[in-house]
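Written below as structure tokens is the structure these notes are about.
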Amino acid sequence: MWSGRERERIDTYPALVLNADFRPLSYFPLSLWSWQETVKAVMSCRVSVVSEYDRVIHSPSRSLRLPSVVSLKDYAPTARRPAFTRFNLFLRDRFTCQYCGRAFPTAELTFDHVIPRSRGGATCWGNVVAACGACNLAKADKLPREAGMRLLVPPAEPSGHLLHSIGQAFPPDRLHQSWRDFLYWDSELETD
């Protein structure tokens, strides 16, 4: 059994999970598995190890370097239509208020019904946008033109491909070096 300090250290070794085509299953949230999930998948032959950490774990009969990148052996189809979630909405709108044009951290964004619900507006991709608190309060239950506001981009349902593309522009704060070639963020290309 590990002490709390040892467990804390080993829990900082997640694995990036790639589909069988070597693309991340998702960018937002980034497809990561805990070291325990990863080891179970390796032992059950569901994944191939692409890259490893220097950290080694031991069982009574075996030693194993912790995987840092794994790929599924069987291709997992991605959803054709992205789920209508708060996070996907913010991602579609690039974490930017669609009224004032300023970018905000997720915790400071809310969403706004372009046609207010009080006027029959639906909660759907085509009627909801990311908004900062100040703009959402200023617009209230009015139409944008009634509030003297303009939308940066008319809301529309994004494709999964679009969300993946946008997600690549917003890397997580901490990327392990072994993940960079699979995420296409700040990867240096080798020169001749």
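Please read all numbers here as calculations on a predicted model, not as lab measurements.
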- Task: Side-chain contact test, heavy atoms from C-beta onward, threshold under 4.5 Å: evaluate it for Pro82 versus Ser159 and give yes or no.
- Result: no

- Message: Side chains of Ser51 and Pro67, heavy atoms from C-beta outward: is any pair under 4.5 Å?
- Response: no

- Query: Would you say Tyr53 and Val39 are hydrophobically clustered, going by side-chain heavy atoms of ILVMFWY under 4.5 Å?
  - Reply: yes

- Step by step, work out the side-chain contact (heavy atoms from CB on, under 4.5 Å) result for Tyr99 and Leu151. CA-CA 5 Å; Tyr99 296 109; Leu151 283 168; 3.5 Å; yes

- Query: So among Asp141, Thr123, Asn136, Val129, which one has a side chain to side chain contact (heavy atoms under 4.5 Å, CB included) with His113?
  - Reply: Thr123

- Item | Shortest non-hydrogen separation from Val128 to Pro155 and the atoms involved | O-CB, 3.7 Å

- Query: Would Arg46 and Ser44 count as having a side-chain donor-acceptor pair, cut-off 3.5 Å?
  - Reply: yes

- Residue pair Val17 / Leu72, side-chain heavy-atom distance below 4.5 Å: yes

- Message: Surrounding CZ of Arg65 (heavy atoms of other residues, nucleotides or ligands, distance under 6.0 Å), is the total greater than 12?
- Response: yes

- If you draw a 6.0 Å radius around CG in Asp21, do more than 12 non-hydrogen atoms from other residues or ligands fall strictly inside? yes

- Query: Is it the case that one hydrophobic cluster holds both Val114 and Leu152, taking links as side-chain heavy atoms less than 4.5 Å apart, direct or via other members?
  - Reply: no

- Phe22 with Leu16, same ILVMFWY side-chain cluster at under 4.5 Å: yes

- Item | Closest non-hydrogen atom pair, Leu109 against Arg86 | O-NH1, 4.2 Å

- Message: Could you see if Leu18 belongs to whatever hydrophobic cluster contains Leu66? Use Ile, Leu, Val, Met, Phe, Trp, Tyr and a side-chain cutoff under 4.5 Å.
- Response: yes

- Message: Which residues pass the side chain to side chain contact (heavy atoms under 4.5 Å, CB included) test with Ala147, not counting sequence neighbours?
- Response: Lys139, Lys142, Met149

- Student check: side-chain heavy atoms of Val47 and Lys73 closer than 4.5 Å: no

- From CA spacing to verdict: side-chain contact (heavy atoms from CB on, under 4.5 Å), Trp35, Ile57: CA-CA 10 Å; Trp35 72 269; Ile57 58 169; 3.9 Å; yes

- Can you see which heavy atom on Asp74 is nearest to which on Ala20, and at what distance? C-CB, 3.9 Å

- Leu162 with Phe95, same ILVMFWY side-chain cluster at under 4.5 Å: yes

- Message: Under the rule for salt bridge (Lys or Arg N to Asp or Glu O under 4.0 Å), what residues qualify as partners of Glu108, not counting sequence neighbours?
- Response: none

- Message: Between Thr38 and Gln36 (side chain of the first, backbone of the second, donor and acceptor by atom type, cut-off under 3.5 Å), is there such a pair?
- Response: no

- Message: To check you understand the geometry: which heavy-atom pair defines the closest contact between Leu25 and Ser31, and what is its length?
- Response: N-OG, 3.2 Å

- Query: By the rule that ILVMFWY residues connect when side-chain heavy atoms come within less than 4.5 angstrom, directly or transitively, which residues belong alongside Leu143?
  - Reply: Ile115

- Given side chains that start at C-beta, do those of Asp93 and Phe111 come closer than 4.5 Å, heavy atoms only? no

- Item | Non-hydrogen side-chain atoms of Tyr13 and Ser68 separated by less than 4.5 Å | no

- Query: Minimum heavy-atom separation for Phe90 to Thr110, with atom names?
  - Reply: CE2-O, 3.4 Å

- Write down the atom of Ala83, the atom of Trp125, and the distance for their closest heavy-atom approach. O-CZ2, 3.3 Å

- Applying side-chain contact (heavy atoms from CB on, under 4.5 Å), run through Phe84 and Glu157 and close with a yes or a no. CA-CA 9 Å; Phe84 181 61; Glu157 182 175 342; over 6 Å; no

- Message: With a 4.5 Å cut-off on side-chain heavy atoms, are Trp33 and Lys40 touching?
- Response: no

- Message: Walk me through whether Met43 and Arg62 qualify under side-chain contact (heavy atoms from CB on, under 4.5 Å).
- Response: CA-CA 11 Å; Met43 300 311 283; Arg62 189 169 180 183; 2.8 Å; yes

- Message: Could you tell me if the side chain of Val42 sits less than 4.5 Å from the side chain of Val49, heavy atoms only?
- Response: yes

